[in-house]
Amino acid sequence: MPRFCLTIFTFIFGLSTFQAGARDAGTRFLPENALAVNYFGNDAPWFQTNVPFFECSDSQIEQIYYYRWKLYQAHLHDLGPRGYIISEFLDDVGWTFNRYQSLNDATAFHINEGRWLKDDRYLNDYINYMYSGGDDRHFSEAMTAAVYSRYLVNADRAFALKNLPSMKHLYQLWDDHYDFSKGMYYIEPLLDATEYSIASIDTTGGKDGFLGGDSFRPTINSYMFANAAAISRLSLLAGDTNSAGLFAAKAEALRSAVETNLWNNDLEHFIDRFKVSNQRVHYWDFIRGRELAGYAPWYFELPDADPKYLASWKHALSTNELDGAYGLRTAEPGYEFYMRQYRYAVENGKRLPECQWNGPSWPFQTTLALGGMANLLNDYTQDVVHAEDYVRLLKQYTRQHFLDDHPDLQEDYNPDTGHIIVGLSRSHHYNHSDYNDLVITGLVGLRPRADNILEINPLIPSDPASTNFIRYFCLENVLYHGSLVTIVYDYDGTYYKKGAGLSVYVNGHLAVAPSPLGRKTVELPTPPSVPSVTPVSPSIDLAVNLIKRDFPRPSASINDTPDQLFQAIDGRVWFFPEIANYWSNTGSSRAEDWYQLEFESPKTISSAQLYFLGNETNFAAPKKYVIQYWTGQDWQEVSGSREVPRKPLANGENTVTFHSVKTSRLRAVFTNPANRAVALVEFKVF
């Protein structure tokens, strides 16, 4: 990345009050404006406000770091009065809890990734939503553990405790999947979000595996262990020692049960035992093979320090076992039904493979395995896995994000060829994994903790001759416990010219002088010197219509399909071309077109945000736009209008503020661009 002048783009992208303060308190080593424009284009201001910027000698890791923030932002779904949630699929799928597209199996990943955003509103809304009925327990989950992990980053005690009663209630509901005689949880692989696992396939004798296969699994038991431990720690924060003791005991009982019952000495791995019994499989028998799911316990630091458990990790590094050439395998090639395709979907007249977990490489379980490996390297004494292995597998995972040389993460991959397996239209820019959290807590080595100590331990090889050597990186101004932290590594000091080795800055001041790689700790200031960013637009979007009927009722001067009208007010904004989500005036021959909203009752409105899609072929931002309101007799342009930016832009936010009006109808009137149509991705009204 060339180091462009930092001031070149300042006149285009103004900084918020928080950003200006953050710059004063933090460091300015990276060319933030140039990086923002390069990776985010016209949408750069949102990312400059929200994400820590990152630079790395491995250009692919750097590129995918920024792509994953772009993907994350695209999955922010504004529900209007219910606030934001984060989706797993960009577009609609049929098995979500509701038309809001919430899926609880992905929630823990969303929280762990999003905990590094500076604006707390998105995750606060999402967590509140999930604990107020959004989690239907459709799948197993580790949501409460993720909420506590987020607290370790933002140190917001009040919010972390806000949903504690619901956390306890939700935990107890899982008793319907608890075998009291074994002291363990069981679940069928489908409801563990891993259909066609060994347990479900073998339950059918190899004929199917979508349903069935109830088993005591390392996954759900690790999730429930982590949730219980989180409730215990949160209860202590709340001063409830009784609950803290009760849930600590639950966690320890699960730890013991997993270690005693799910560890298989012959396979040297944590694996399922059958709950179901039929003519093919028998209750309490082990399944016949290793799965990547066996590393979930380490993601939550469940296994104790017994050296025998460490043997499991050699199988993650064996190319004949779980380490595929193009990704970690979910089951080993030695399994009889490895990579056999059972399930298909018909799309556009073609029969295409569907989701399975009998070998394919899934970002979901790759996240758990890499997170577990980072914990192993940080918190266990062992000599099986090294930082070299972590970076190699992270780079392998990084390469999975590319489709035809551009970033587009899919559902799963063939670990032996690298080819996409599912590849359905819904699969583009899939959000059921973490990546940036693995970069921040693993490669860069920021290890979140409950006390006011900043701990840094980068997981990169120290030998410059290594093929996985990272020569330099910089994670700048990450908001941690209210302080702005910058972590710099420069092998020989020639790149950043701040000295050779690892340096740490807190609120712009050098806290760890350049020194060799290794664990560093810094006591942070108390109280925090930099507050969390205040949400830029905390108001409620009055235009959201999630049910595609009733009010607000959209209409337009031209429209190809009725569904397009609602796509512009569905609370979703993205500019990825692979999945369309906009209203357009394609086919119009007029100089002007309009998009209108009718409300059930008059609303007081003083601002709007408009998002236009632009590309090289058929769409561009309008030459200009005006906002008009219905007086009861005719349309009138709002007064005192102020547009930012002054000229409409595509693939970014256009904000207009004006003197308040009370009206039952509002519309945007566009002056059409030459030889292009206008595609309105979203019309927000406040």
Side-chain angles (χ1 to χ4, degrees), residues 13-26 32 35-36 39-40 42-54 65-66 68-87 107 109-130 146-147 149-160 162 431 434 436-437 440 446 448 475-485 507 528-541 544 571-574 607 609 611 644 652-653 655 682 684 686:
F13 300 115
L15 297 175
S16 69
T17 301
F18 170 80
Q19 286 175 293
R23 281 180 172 276
D24 292 338
E32 181 184 300
L35 287 167
Y39 287 112
F40 305 121
N42 290 339
D43 210 18
W46 187 91
F47 296 95
Q48 289 183 280
T49 300
N50 277 288
V51 309
F53 274 65
F54 174 69
Y65 176 87
Y66 289 109
R68 287 299 297 248
W69 283 128
K70 191 173 180 179
L71 179 147
Y72 196 91
Q73 184 223 37
H75 282 272
L76 295 175
H77 191 176
D78 189 347
L79 306 186
R82 299 206 67 179
Y84 283 89
I85 66 167
I86 294 98
S87 59
T107 300
F109 293 123
H110 299 158
I111 295 172
N112 283 331
E113 193 90 333
R115 62 183 171 158
W116 303 105
L117 293 176
K118 292 185 172 74
D119 189 340
D120 280 332
R121 180 190 180 186
Y122 303 110
L123 280 187
N124 285 357
D125 284 354
Y126 184 34
I127 292 167
N128 286 337
Y129 169 83
M130 294 302 285
V147 171
S149 294
R150 189 223 186 179
Y151 162 73
L152 298 182
V153 171
N154 74 356
D156 187 344
R157 176 181 177 276
F159 184 82
K162 180 178 180 180
N431 189 31
D434 288 341
N436 291 340
D437 189 64
I440 293 170
L446 198 168
L475 179 71
E476 187 162 55
N477 295 330
V478 60
L479 189 61
Y480 178 75
H481 285 222
S483 290
L484 289 174
V485 174
N507 296 326
S529 59
V530 180
S532 296
V533 61
T534 301
V536 174
S537 180
S539 303
I540 303 301
D541 182 4
V544 172
R572 298 184 285 198
V573 178
W574 69 76
S607 69
Q609 293 170 354
Y611 302 82
V644 178
E653 180 178 295
T655 299
E682 196 74 9
K684 297 188 175 189
F686 306 94

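Excluded from the calculations below are hydrogen atoms, water molecules and symmetry mates; all remaining heavy atoms, backbone and side chain alike, are included.
- Not one N or O on the side chain of Tyr65 forms a donor-acceptor pair closer than 3.5 Å with the backbone of Ile440.
- Between the side chain of Asn42 and the backbone N or O of Gly652 there is no donor-acceptor pair closer than 3.5 Å.
- Classification of the Trp46-Tyr122 ring pair by plane angle, with boundaries at 30° and 60°, yields tilted.
- Partners of Tyr611 according to the ring-ring contact (aromatic ring centres under 6.0 Å, His included) rule, which considers only residues two or more places apart in sequence or in another chain, do not exist here.
- Of the possible donor and acceptor atoms, none in the side chain of Glu653 sits under 3.5 Å from a partner among the backbone N and O of Asp43.
- With sequence neighbours left out, Tyr151 forms a side-chain hydrogen bond (donor to acceptor under 3.5 Å, both in side chains) with no residue at all.
- Judged purely by atom type and a 3.5 angstrom limit, Asn507 has no side-chain atom pairing as donor or acceptor with the backbone of Ser483.
- Checked by atom type and distance alone, the side chain of His77 never pairs as donor or acceptor with a backbone atom of Val573 at under 3.5 Å.
- Separation of atoms CD (Glu476) and CG (Leu484) is listed at 9.5 Å; rounding is to 0.5 Å.
- For the salt bridge (Lys or Arg N to Asp or Glu O under 4.0 Å) test, no residue two or more places apart in sequence or in another chain qualifies with Asp541.
- Aromatic ring pairs are classed by plane angle as parallel below 30°, tilted from 30° to 60° and perpendicular above 60°; the pair His110 and Tyr126 is tilted.
- In this structure Arg150 satisfies the salt bridge (Lys or Arg N to Asp or Glu O under 4.0 Å) test together with Asp120, sequence neighbours excluded.
- Residues meeting the ring-ring contact (aromatic ring centres under 6.0 Å, His included) test with Tyr480, sequence neighbours left out: none.
- A donor-acceptor pair shorter than 3.5 Å cannot be found between the side chains of Gln73 and Asn50.
- Partners of Asp437 according to the salt bridge (Lys or Arg N to Asp or Glu O under 4.0 Å) rule, which considers only residues two or more places apart in sequence or in another chain, are Arg115.
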